[in-house]
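On a predicted model such as this, the values are computed, not experimentally measured, just so you know. The first residue in the sequence is number 1, and the count goes up from there.
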Amino acid sequence: MKTIMTAKKNTNIKKFDNYLFDLYGTLIDIRTNEDSDKLWNTIRILYGYEGAIYTNEELKDMYHFFIMEEMNIIRKKNPNRKHIDVDLGKVFKKLFEYKKINKISEDKIKNLATTFRSISTENITLYDGVYELLDFLKENKKKIFLLSNAQSLFTLNELKMFGLDKYFDDIFISSDYEVSKPDEEFFMIPIKKYNLDTNKTVMIGNDYLSDMQGASKVKIHGIYIHQEISTPVDNPDKIIADCKIMSGVFKNIKLFLEDLKKYKRNKYKRNKYERNKYERNKYERNKYIKVNTQIKKAHTETGINL
């Protein structure tokens, strides 16, 4: 993409008091695979230990069936809700009940979900600069909230794993509320609960639809960072945000909030360096081509073949 970073004027940390963060693709880089044979074979065995006998294919099919069933239940209760989410804990429980296993503890459901997540996760890490940004916001007495389309059964463990839970003043996960971004209803939950001033509230996320369009609908600000797992963007100009970091460099969020003018000066210096580097390389390439051409010409005139 040609656009590396764009930002509106007079936008920095002094403007915002409240920060809503997306999680996956924003703070945590994650890759999962819920189609692997290893995953479904392991989960099938765990269900079998409790007397719920499945084949891998049957278990996988019924898992998706019960997800759709839960979604339909939520739609009937909330016919005007556009974006819904389900609690996978209910799905895992229904998979036991389908096989007439009704006495399953919540701890076993949690352990099953933990196993499901750990096996389906191929890679998980923090983006470089996450701790620095969160520490910076805390030092400046800012309110920090998590607003994530995710599953509590998975996410709470991963927050603890990275020590992120201590940074948030409150955590809002879509599976707990049966609604997800970009639905205005989900954004309004923290706004109403904490009486947040929308003009001093900003959403930081990597999805221009769920995060930025949703934020725009409830009149809060947006900082967009494009990552490899973000929804593809054909035209960055269409993204509604105060700041767009298309390079995916997370550290630029802190730099942007600290001093926008400084960021622009540094950006100019970086661009100037890259231009100078390109011109130097271009000069060296041209010099090499010119010398090589002269050598070839001399060899041709003397009858020497290269």
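Looking at Asn140 and Leu257, their side chains never come closer than 4.5 Å, going by heavy atoms from C-beta outward. Looking at heavy atoms from C-beta onward, Leu27 lies out of side-chain contact with Phe162 at the 4.5 angstrom threshold. Looking only at side-chain heavy atoms (C-beta outward), Lys142 and Asp17 come within less than 4.5 Å of each other. Annotation: side chain of Asn33 is not in contact with side chain of Leu39 (no heavy-atom distance under 4.5 Å). Counting heavy atoms from C-beta outward, Lys99 and Glu58 have side chains that approach closer than 4.5 Å. Looking at Ile67 and Leu88, their side chains come closer than 4.5 Å, going by heavy atoms from C-beta outward. Using a 4.5 Å cut-off on side-chain heavy atoms (C-beta onward), Asp169 and Lys138 make contact. Val86 places none of its side-chain heavy atoms less than 4.5 Å from the side chain of Phe66.
Between Phe187 and Ala215, the shortest heavy-atom distance links the atoms CZ-N, 3.6 Å. Pairing each heavy atom of Asn149 with each of Ser210, the nearest pair is ND2-OG, 4.1 Å. Considering every non-hydrogen atom in both Glu185 and Val179, the closest pair reads OE1-CG2, 4.1 Å.
Ring planes of His64 and Trp40: tilted class, angle from 30 to 60°. Ring planes of Phe172 and Phe145: tilted class, angle from 30 to 60°. Between Tyr19 and Phe16, the ring planes are perpendicular. Angles over 60° get that label, and only those under 30° would be called parallel. Under the 30°/60° scheme for interplanar angles, the aromatic rings of Phe96 and Tyr47 are found to be tilted.
Checked options Leu146, Asp135, Leu137; the residue passing with Tyr167 is Asp135 (criterion: side chain to side chain contact (heavy atoms under 4.5 Å, CB included)).
Among residues two or more places apart in sequence or in another chain, the salt bridge (charged side-chain N to carboxylate O under 4.0 Å, His left out) test is passed with Lys251 by Asp128.
For Lys219, the NZ atom sits in a loose shell: 12 or fewer heavy atoms of surrounding residues, nucleotides or ligands are nearer than 6.0 Å. The environment of Lys82 atom NZ is sparse: at most 12 non-hydrogen atoms of other residues, nucleotides or ligands sit within 6.0 angstrom. By the neighbour-count criterion of 12 heavy atoms within 6.0 Å, atom CD of Glu228 is sparsely surrounded, having that number or fewer from other residues, nucleotides or ligands. Counted within 6.0 Å of NZ on Lys200, heavy atoms from surrounding residues, nucleotides or ligands total 12 or fewer; the atom is thus considered open. Summarising the local packing, CG of Asp37 is surrounded by 12 or fewer heavy atoms from other residues, nucleotides or ligands at distances under 6.0 Å. Summarising the local packing, OH of Tyr98 is surrounded by 12 or fewer heavy atoms from other residues, nucleotides or ligands at distances under 6.0 Å.
A donor atom on one side chain and an acceptor atom on the other are not found under 3.5 Å apart for Asp29 and Thr125.
Taking the centre of each ring, His83 and Phe186 stay at or above the 6.0 Å mark.
Between the CZ atom of Arg117 and the CG atom of Asn157 there is a distance of 10.0 Å, given to the nearest 0.5 Å. To the nearest 0.5 Å, atoms CZ (Phe154) and CD1 (Ile124) are separated by 11.5 Å. From Thr155, atom OG1 reaches atom CE of Met161 across 10.5 Å, with rounding to the nearest 0.5 Å. One finds the CD atom of Glu34 at 5.5 Å from the OG1 atom of Thr32 (value rounded to the nearest 0.5 Å). Atom CD1 of residue Ile28 and atom CD of residue Glu158 lie 6.0 Å apart, to the nearest 0.5 angstrom. Remark: Asp85 CG to Ser180 OG distance equals 5.5 Å, nearest 0.5 Å.
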**OP:** List the steps and the verdict of side chain to side chain contact (heavy atoms under 4.5 Å, CB included) for Thr115 and Ile43.
**Re:** CA-CA 8 Å; Thr115 303; Ile43 300 303; 4.3 Å; yes
Original post:
Hey, mind stepping through Asn18 and Tyr194 against side chain to side chain contact (heavy atoms under 4.5 Å, CB included) and telling me if it holds?
Top reply: CA-CA 10 Å; Asn18 314 301; Tyr194 291 95; over 6 Å; no
Subject >> Ile173 vs Leu156, side chain to side chain contact (heavy atoms under 4.5 Å, CB included): CA-CA, chis, key distance, verdict >> reply: CA-CA 9 Å; Ile173 299 175; Leu156 295 179; 4.0 Å; yes
**OP:** Test side chain to side chain contact (heavy atoms under 4.5 Å, CB included) on Ile245 and Ile253 and set out the steps.
**Re:** CA-CA 8 Å; Ile245 301 173; Ile253 298 176; 3.5 Å; yes
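Hydrophobic clustering (ILVMFWY, side-chain heavy atoms < 4.5 Å, transitive): Phe116 and Ile119 are in one cluster. In terms of hydrophobic clustering, with Ile, Leu, Val, Met, Phe, Trp and Tyr side chains grouped at heavy-atom distances under 4.5 Å, Ile229 and Leu23 are assigned to a common cluster. Note on Tyr127: it clusters hydrophobically with Phe168, by side-chain heavy-atom contacts below 4.5 Å among ILVMFWY residues. Cluster annotation: Leu209 is not connected to Ile84 through the hydrophobic network of ILVMFWY side chains, with a link wherever side-chain heavy atoms come within less than 4.5 Å. Following chains of ILVMFWY side-chain contacts shorter than 4.5 Å, one cannot reach Val91 starting from Ile73, and the two form parts of different hydrophobic clusters.
With salt bridges taken as basic N to acidic carboxylate O contacts below 4.0 Å, one links Lys60 and Asp35. Here Glu106 does not pair with Lys110 in a salt bridge; the nearest charged N to carboxylate O distance is not below 4.0 Å. In this structure, Asp22 pairs ionically with Lys181, as a charged nitrogen and a carboxylate oxygen lie closer than 4.0 Å. Comment: Glu50 engages Lys108 in a salt bridge, judged by a side-chain N to carboxylate O separation of less than 4.0 angstrom.
Without hydrogens or angle criteria, Thr201 side chain to Asp197 main chain gives a donor-acceptor distance under 3.5 Å. For Lys244 (side chain) and Ile239 (main-chain N/O), a donor-acceptor pair under 3.5 Å exists by modelled atom type. The main-chain N or O of Met203 is never found under 3.5 Å from a side-chain atom of His221 such that the two would form a donor-acceptor pair. A side-chain donor-acceptor contact under 3.5 Å links Ser174 to the backbone of Ala150. No side-chain donor-acceptor contact under 3.5 Å links Thr121 to the backbone of Ser118. For Thr26 (side chain) and Asn206 (main-chain N/O), a donor-acceptor pair under 3.5 Å exists by modelled atom type. A donor-acceptor pair under 3.5 Å links the side-chain atoms of Ser230 to the main chain of Gln227, judged by distance alone.
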